[in-house]
Amino acid sequence: MPFALGPVPSFFNDTCVGTATNLPSWTRTIVIISMQRTDIRNIAIIAHVDHGKTTLVDAMLKQSRIFRENQQIAERVMDSNALERERGITILAKNTAISYRDVKINIVDTPGHADFGGEVERVMNMVDGVLLLVDAVEGPMPQTKFVLRQALQRGLKAIVVVNKIDRANARPNHVINATFDLFIDLGATEEQAEFPIIYTSALTGASSLDHNEMTDTLEPLFEKILSELPGPEVDVEGPTQMQATLLGYDDYKGKIVIGRLNSGTIRRNQSVVRIKADASMQPLKVAQVFTHQGLQRIEVEEASAGDIIALTGLSEVGIGDTIADPNDARQLPPITVEEPTVRMTFGVNTSPFSGREGTFVTSRKIRERLYQEVERDVALRVSDTDSAETFLVAGRGELHLGILIENMRRDGYEFQVSKPEVILKEIDGKLHEPVELVEIEVSSTYQGVVVELMGQRKGQMRDMKIREDGSVHYVYLVPTRGLLGFRQQFLTSTRGEGIMNSLLAGYEPYAGEIQTRSNGSLIAWEPGQATTYGLHAAQERGQLFVPAGTEVYEGMIVGQHIRESDLEVNVCRKKHLTNIRNSGSEEALRLETPRDLSIDDAIEYLAEDELLEVTPIGFRLRKRLLSKHDRSRQASIAKHRG
């Protein structure tokens, strides 16, 4: 049934307004089918990791007068998570808003690392256009291809922002040409391929339409956003309809549901229904409605379609659920993301030190925490196993799972994890495995090293270029299995000078066995405290992981052996005291500095028969079977079967 309306608000483009044909002739009313808001722009900033997305958001916030003149502002203010600040990367997608010429610009800052691609995929339904940042020196990188593909598939228009234009070796013309080729390769429409270009230096807050004549403000960028990116197409008079895209939490307000209001309006204390993925409904009531301005959430009585809003009082709502009008409940398409490629087991800590350092140590608590994470992270999968104390967790890569482990550790959980393994698929009756497109840039000195390492891991060279500065750029297609645990070996072999980026390229037939680790482990053969005397003898057999004074247990890994096999060492041995003394002063024993492993390094190091014990205080590497007798017996059985 058509509905009658009064005058159209000035902030709507009335090109989408039609005349009612079945209303009385004396009325001069209109029927609104779908209209475009001109007072709002919803945009996402997408790019490869470290191309300057969060720094650009910082500059946009500062120049829009969000902060006071004397306000102390941290760098990368959008990276509010402690782990994001420590690592210097964006992990979670977050939104903010600025005003320019009476137009509200909602900005979604997205992660640039391939492992967090699920964050990019799920926020694309909130925006109507994107800013594609490309480094003025590096040009399009693997993750640039991934995020751009997501935008083009949804029909979004992009503004290409060539950032870091003030770098000494910037090559903007080459970067623009390479970006255009990428648009064409990804099947962009003619309209999408005719993208506007703007040059910026996010660090200094400068921008221009001509890289030779930079201005000291971001006004050219703001003008491009208003003129080139469309406002949201909405039905303001339709029923309330919104999809939960992001979740937040406040100590006082509880769960905060963030998303774009697709149609209708929503008010404080309004009754709504939650529509789950299986189309089942649950009645709920909205407690508060917030809009965004800068880094603040502003409470409002009512919000209109087209804006990105935050709601409280909806504690049951999860990512992808539709919040709708009870009288006209219409479900939105569910949020879909690409499937995980890597998995590992999480389980109750079974080491001799279990329960000493953690607050949450039981399988029930670990299970609750993992399933809570699934509600927030749409790219994560958790499933139960035959054992009540072990759970299978699948994600996009080692870093994705490593961040989860680190967050759980900081929240007081104690548990153990296994070596990551790839998820295989059966296609047309044949076993297939995920493969990744790997781009490597190294000095010409290490050409041979890279080719050898890639060959060992079943890599197929797809391209090779020599850059103007003498460095070599390789493109390889490598099984994901071959890249597990590869990063540290790559950095060591290239003396820290190599740069490597990868992107999932699909599935290929199983490539056969790949040797990913060439060294065994040094294993403590008795419990006790590691001594300088015992470690001094052990360090001659490899590289140590623990300093003197560390408490160890039988089966705990204390270092890396120089040979392929494992070796049991007695690091708790003490020097026997006698009455005999040297004629001169005794020579002090000197230990080499042990290798300080991060959680990411420890996950990479793991072998099939090893586990990583994680606690709030630290982590330890250990053998799955702690007793030497049990390990020897298992090795004999395996040898007999082989």
Under 6.0 Å from the CD1 atom of Ile298, do we count more than 12 heavy atoms belonging to anything else shown?
yes
Counting only heavy atoms not in Lys145, do more than 12 sit closer than 6.0 Å to its NZ atom? no
Check: residues 195-202 side-chain donor-acceptor pairs under 3.5 Å, at least two apart:
{"unit_1": "Thr200", "atom_1": "OG1", "unit_2": "Asn163", "atom_2": "OD1", "d": "2.9"}
{"unit_1": "Ser201", "atom_1": "OG", "unit_2": "Asp166", "atom_2": "OD1", "d": "3.4"}
{"unit_1": "Ser201", "atom_1": "OG", "unit_2": "Asp166", "atom_2": "OD2", "d": "2.9"}
{"unit_1": "Ser201", "atom_1": "OG", "unit_2": "Thr204", "atom_2": "OG1", "d": "2.9"}

Here the ring pair (Phe, Tyr, Trp, His ring centres under 6.0 Å) pairs for residues 482-502, sequence neighbours left out, are Phe486-Phe490
Applying salt bridge (Lys or Arg N to Asp or Glu O under 4.0 Å), can you list everything that pairs with [X], at least two apart in sequence or on another chain?
X: Arg149; value: Glu338
X: Arg167; value: Asp135
X: Arg268; value: Glu301
X: Arg467; value: Glu441

List in chain and number order the residues that pass side-chain hydrogen bond (donor to acceptor under 3.5 Å, both in side chains) with [X], two or more places apart in sequence or in another chain; answer none if no residue qualifies.
X: Asp307; answer: Lys104, Asn106
X: Asn262; answer: none
X: Arg267; answer: Glu302
X: Arg462; answer: none

Without placing hydrogens or testing angles, list every side-chain donor-acceptor pair under 3.5 Å for residues 217-227, not counting sequence neighbours.
{"unit_1": "Thr217", "atom_1": "OG1", "unit_2": "Glu219", "atom_2": "N", "d": "3.3"}
{"unit_1": "Glu223", "atom_1": "OE1", "unit_2": "Arg101", "atom_2": "NH1", "d": "2.8"}
{"unit_1": "Glu223", "atom_1": "OE2", "unit_2": "Tyr100", "atom_2": "OH", "d": "2.7"}
{"unit_1": "Glu223", "atom_1": "OE2", "unit_2": "Arg101", "atom_2": "NH1", "d": "2.7"}
{"unit_1": "Ser227", "atom_1": "OG", "unit_2": "Glu223", "atom_2": "O", "d": "3.0"}
{"unit_1": "Ser227", "atom_1": "OG", "unit_2": "Lys224", "atom_2": "O", "d": "3.4"}

Those residues at least two apart in sequence (or on a different chain) that pass side-chain contact (heavy atoms from CB on, under 4.5 Å) with Glu604 are Glu398, Arg487, Gln488
